[in-house]
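Hydrogens, waters and symmetry mates are skipped; everything else that's a heavy atom, side chains included, is used.
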Amino acid sequence: MSKRPTIVLLPGLLCDASIWEAQRTALEPYADIRIADFSELASIEAMARSALALADGTLIAIGHSMGARVAMEMARLAPERIEKLALIDTGVDARREGEEAKRQVMIDLAFAEGMEALADRWLPPMLHEGRVEDQTLLAPLKAMVMRATPEQHDRQIQALLNRPNVRPHLPNIACPTLVMVGRQDRWSPLAQHEEMASVIPNAELVVIEDSGHMSLLEQPEQVSEALLRFLGFKNDNTSADRAATGELKPMGEDPSSDRIPDTPLFDRKRSLRGYRINKMAMGLGTPANREAFRENESAYLDRFGLTPEEKEAVMSRNWREMVRLGGNLFFILKISAVDPVRITEIGAHQAGMEHADFLRDRLGKK
């Protein structure tokens, strides 16, 4: 019998175990759950070390907001112990200009007027704009904040103000990583998470619909389902069940599924096969990655774990081969933004034709 995995849940600023209740309930049939307590700690590193000490052996680290920063620090301190990461509604940069003064206003408010006043000021911007008056959502969040103290708030704010800049370390995260964000998160926006997912080599992005920063409570079912799927504890078997009963033939098993001559259908089978190529290509959406690609193309491809066959296809700009290996043309076309090439040349290459023949026979140009 295989050993159950250990999951460490890492709460954010002023959050306690209660914020993880839905996810704990969903995950505990499959894993041993530990929930970190950062109430007495004043640095991200100290939080990471305390979380690593919660259990022996390898861990799955799942963090929300400040807790996701702790998860990334755990992966930096002990990469051999982190089996998988899930980073929810978070960020990677160090202190922003002017941030200390804004944080100090909230610290002063908590000491002067109490945690209830802090909750009333702090919580609404954390939520989806359409739910800032939703007492069903606000009540448990406010009660959680009021269980904390101004001193705890101060300690955790100091930890955030002195947080490390994680950005340079993102390409070094080797384990599978889930990057998750509420679509309406005003504190840690979607674009920030798209960039994170493009830089971490083995990452995928999940967007939680109709949710702000507190996605664990705003959309607990969506978050739990995404975690279960990512961790391999639960799959969407609807299509598989229909296939087993003959109602649905799995895509890619029937040659007739490629219904357009000479055009491979980008089905689930091919999308899984081409994950590395497509992930690499999507990474070229950021200026830093484009520069890295120009400086050392081979090294950039290695960051995403491309096979020798995949590397050869990319480096030779063999578009037909890239597509055969699972590349989605909409994704891999980002390569042409770094190494400009006419779209008709790509079409000709994909069709296995000379450019002049492609222009004449496919586009009717003389």
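Under the 3.5 Å distance criterion, the side-chain polar atoms of K84 are matched with a main-chain donor or acceptor of F230. Proximity of a side-chain donor or acceptor of R183 to a complementary backbone N or O of E209 within less than 3.5 Å is not detected.
With sequence neighbours excluded, the residues forming a side chain to side chain contact (heavy atoms under 4.5 Å, CB included) with Q152 are L14, S39, A148, T149, R155, Q156, listed by chain and number.
Here the shortest heavy-atom pairing between A313 and L325 reads CB-CD1, 4.1 Å. Of all heavy-atom pairs between F304 and P201, the closest is CD2-O, 3.9 Å. Annotation for Q23 and L216: closest pair NE2-O, 3.4 Å, computed over non-hydrogen atoms.
Atoms CE and CD, from M126 and E218 in turn, are 10.5 Å apart once rounded to the nearest 0.5 Å.
With respect to D302 and K311, a salt bridge is recorded, a charged nitrogen being found less than 4.0 Å from a carboxylate O. Taking a cutoff of 4.0 Å between a charged side-chain nitrogen and a carboxylate oxygen, R290 and E295 do not qualify as a salt bridge. Residues R95 and E99 are not paired through a salt bridge, judged by the lack of any N-O separation under 4.0 Å between the basic side chain and the carboxylate. Electrostatic pairing of R4 and E28 does not count as a salt bridge here, judged by no charged N lying under 4.0 Å from a carboxylate O.
Contact check for L190 versus L205: side-chain heavy atoms found under the 4.5 Å cut-off. The shortest distance between side-chain heavy atoms of D32 and R34 falls below 4.5 Å.
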Expected list for residues 57-68: side-chain donor-acceptor pairs under 3.5 angstrom, two or more places apart:
unit_1: H64; atom_1: NE2; unit_2: H213; atom_2: O; d: 2.8
unit_1: S65; atom_1: OG; unit_2: H213; atom_2: NE2; d: 2.8

